[in-house]
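This structure is a prediction, so every number in the text was calculated from the model and none was measured. Here is how names work: the chains are called A, B, and so on, in the same order as the sequence lines, proteins then strands, and each is numbered from 1.
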Number of protein chains: 2
Amino acid sequence: MATGRTHRPATRSRGIPEATVARLPLYLRALTALSERSVPTVSSEELATAAGVNSAKLRKDFSYLGSYGTRGVGYDVEYLVYQISRELGLTQDWPVVIVGIGNLGAALANYGGFASRGFRVAALIDADPAMAGKPVAGLPVRHTDELEAIITDNGVSIGVIATPAGAAQQVCDRLVEAGVTSILNFAPTVLSVPEGVDVRKVDLSIELQILAFHEQRKAGEDAAQTAATPPRVPRTTGGGRKGPDGDVPAVMPA
Amino acid sequence: MATGRTHRPATRSRGIPEATVARLPLYLRALTALSERSVPTVSSEELATAAGVNSAKLRKDFSYLGSYGTRGVGYDVEYLVYQISRELGLTQDWPVVIVGIGNLGAALANYGGFASRGFRVAALIDADPAMAGKPVAGLPVRHTDELEAIITDNGVSIGVIATPAGAAQQVCDRLVEAGVTSILNFAPTVLSVPEGVDVRKVDLSIELQILAFHEQRKAGEDAAQTAATPPRVPRTTGGGRKGPDGDVPAVMPA
DNA sequence: ATGCCTTTGTGAACGCGTGCACAAAGATGG
DNA sequence: CCATCTTTGTGCACGCGTTCACAAAGGCAT
């Protein structure tokens with residue numbers, strides 16, 4: 001059974017660290033804002049605060065792209081916008097398909113941040129026949145049957161999955177089979193893909209759970225363990241510890 | 001300009017590394033699925049593949065929580081579900097507010113993954129007076145004027161921002177002022193918050209840009225190796241990366 | 001009870017990412 | 001042309017996260 005090999009062990013792509021790549025869009029956004037205000041140049045310090053990062057980190061990130069700054073002055077905004085765009089591959093047009101036009105899929109279709117960054121929604125696809133033909137964000141929803149044809153006809157290599165969890169893997173398989181090699185997954189499932197296919201996942205629930213953890217910790221510091229907290233099981237070696245099926249409280253499942 | 005101190009330098013909370021905390025929801029989801037199938041125990045290897053991670057990493061993650069496994073057998077599913085839920089703070093009820101009921105806000109309001117994990121949508125808030133009172137996901141949309149009252153009345157400590165970028169910082173300030181200490185930000189902006197407030201951001205456009213980077217790189221490698229079927233034409237063939245002032249097209253400013 | 005087999009828990013090594021601090025590079029003014 | 005000042009680019013050290021590899025621990029059969 002094909003185990004999901006999703007991780008990229010040392011995707012240090014071509015000398016550009018993954019962490020740096022993840023920050024480039026952040027810099028690009030800040031630079032675009034400066035560009036719209038017709039700011040000609042910007043120092044690493046200014047740009048760093050605008051992007052919410054450390055200035056040393058920003059300079060090191062840029063050093064992976066090349067020496068695009070001028071000492072004593074800073075960086076030319078327009079020039080840097082272009083260099084980062086090129087490095088990220090945004091100077092070309094990326095057709096994407098969005099599969100699963102529920103609330104989230106519709107929100108994505110209407111999201112303006114795509115078109116402005118070189119991404120073009122080639123098609124909206126849904127499995128519900130009743131949705132077919134309905135216009136969403138100015139595009140008619142296509143039925144899943146057409147998926148393969150849409151992919152090949154438009155040369156789509158990036159797919160967005162916004163289906164329920166149960167359908168995600170099946171949709172993913174079809175996308176990959178049709179030629180998609182990058183997938184943005186919003187369904188709360190671990191996708192299994194063959195080598196060479198990139199998957200990034202966005203899970204709304206997971207983000208909230210991480211926040212809850214820190215929130216609990218903050219609250220716990222104020223009032224030390226309010227609710228009756230059964231203290232962690234003392235790891236007494238050999239002692240009759242946790243009853244595997246005895247003391248487990250009622251926890252609601254999904 | 002008060003720089004937003006959003007990063008957590010060494011938030012090694014109570015000995016639990018941040019990276020581990022980020023994976024706990026993943027484990028929890030896999031365990032919940034097993035629980036629904038009434039699977040009594042699971043080995044680290046099985047659970048790891050289900051969650052899409054390395055088994056050694058999973059065991060080390062769990063070791064931060066305590067010794068909850070049984071050697072030679074594995075982990076008790078129900079017991080582990082409870083322990084992780086407790087550690088994440090999901091055994092209590094977390095009221096959240098969603099501000100900005102556009103396409104995305106509505107999608108979030110309808111998202112089932114919240115309620116099932118201990119999160120309760122206390123209110124939907126929007127600045128548009130025309131939206132006020134309209135039911136979305138079974139809840140009437142409230143106007144922004146009521147924001148502070150809603151926060152305090154419901155004891156909300158987690159807020160979700162799904163407004164346009166321009167309104168995000170203002171909304172954020174009001175949330176924080178009213179007592180919110182954890183924020184999930186979907187607006188494409190860097191939020192500036194005081195010490196003690198956690199911010200996590202989800203940026204759809206950034207994820208796509210990261211995918212585009214890898215996609216471009218993959219296309220470049222293909223084109224370099226086999227000139228058979230160049231799917232996407234890379235900007236510069238041969239992948240020579242830096243050409244500081246060589247092939248720069250029109251965008252060049254100064 | 002004893003030995004074998006399975007699986008956990010973890011010590012240790014390694015690699016990546018971050019931040020400091022400073023020398024080199026260029027602009028600017030006299 | 002030289003001195004000074006600003007800002008970049010980076011060598012270096014440190015800490016976190018990941019992975020390996022194995023001893024310890026428990027179950028199970030005999």
Could you state the [atom1]-[atom2] distance from [X] to [N], rounded to the nearest angstrom?
{"X": "A:Arg23", "N": "C:dC16", "atom1": "CZ", "atom2": "C1'", "answer": "12 Å"}
{"X": "B:Glu18", "N": "C:dC16", "atom1": "CD", "atom2": "P", "answer": "22 Å"}
{"X": "B:Glu46", "N": "C:dT8", "atom1": "CD", "atom2": "P", "answer": "9 Å"}
{"X": "A:Asp76", "N": "C:dA27", "atom1": "CG", "atom2": "P", "answer": "13 Å"}
{"X": "A:Tyr64", "N": "C:dG17", "atom1": "OH", "atom2": "P", "answer": "7 Å"}
{"X": "B:Ile16", "N": "D:dC16", "atom1": "CD1", "atom2": "C1'", "answer": "16 Å"}
{"X": "A:Phe62", "N": "D:dT10", "atom1": "CZ", "atom2": "C1'", "answer": "16 Å"}
{"X": "B:Leu65", "N": "C:dT8", "atom1": "CG", "atom2": "C1'", "answer": "14 Å"}

* Structure fact -> Note: for A:Asp61 and A:Gly72 on DNA chain D, the residue whose nearest nucleotide lies more 5' is A:Gly72
Per [X] side chain, nearest of listed nucleotides [options]:
{"X": "A:Pro17", "options": "C:dG17, C:dG26, D:dT10", "answer": "C:dG17"}
{"X": "B:Lys60", "options": "D:dG9, D:dT19, D:dG26", "answer": "D:dT19"}
{"X": "B:Ser63", "options": "C:dG9, D:dT18, D:dA21", "answer": "C:dG9"}
{"X": "B:Ser44", "options": "C:dG17, C:dT8, D:dT8", "answer": "C:dT8"}
{"X": "A:Asn54", "options": "D:dT10, C:dG19, C:dG9", "answer": "C:dG19"}
{"X": "B:Arg71", "options": "C:dC20, D:dT19, C:dT7", "answer": "C:dT7"}
{"X": "A:Ser67", "options": "D:dG17, D:dG9, D:dG27", "answer": "D:dG9"}
{"X": "B:Ala19", "options": "D:dT8, C:dT10, D:dT18", "answer": "D:dT18"}

* To do: With heavy atoms under 4.0 Å as the rule, sort A:Tyr75 into base, sugar-phosphate or nothing.
  => sugar-phosphate
* Asked: Hey, does B:Leu104 have a side-chain heavy atom less than 4.5 Å from the side chain of B:Leu108?
  -> yes
* Does atom CD of B:Gln92 have more than 12 heavy-atom neighbours from other groups under 6.0 Å away? -> yes
* For B:Thr41 and B:Asp76, does a side-chain donor sit closer than 3.5 Å to a side-chain acceptor? -> no
* Any side-chain donor paired with an acceptor under 3.5 Å for A:Tyr79 and A:Gln83? -> yes
* Structure fact -> Hits for side-chain contact (heavy atoms from CB on, under 4.5 Å) against A:Val180, two or more places apart or cross-chain, chain-then-number order -> A:Ile151, A:Val156, A:Leu175, A:Ile183
* Of B:Ala56 and A:Lys57, the one whose closest DNA chain C nucleotide lies more 5' -> B:Ala56
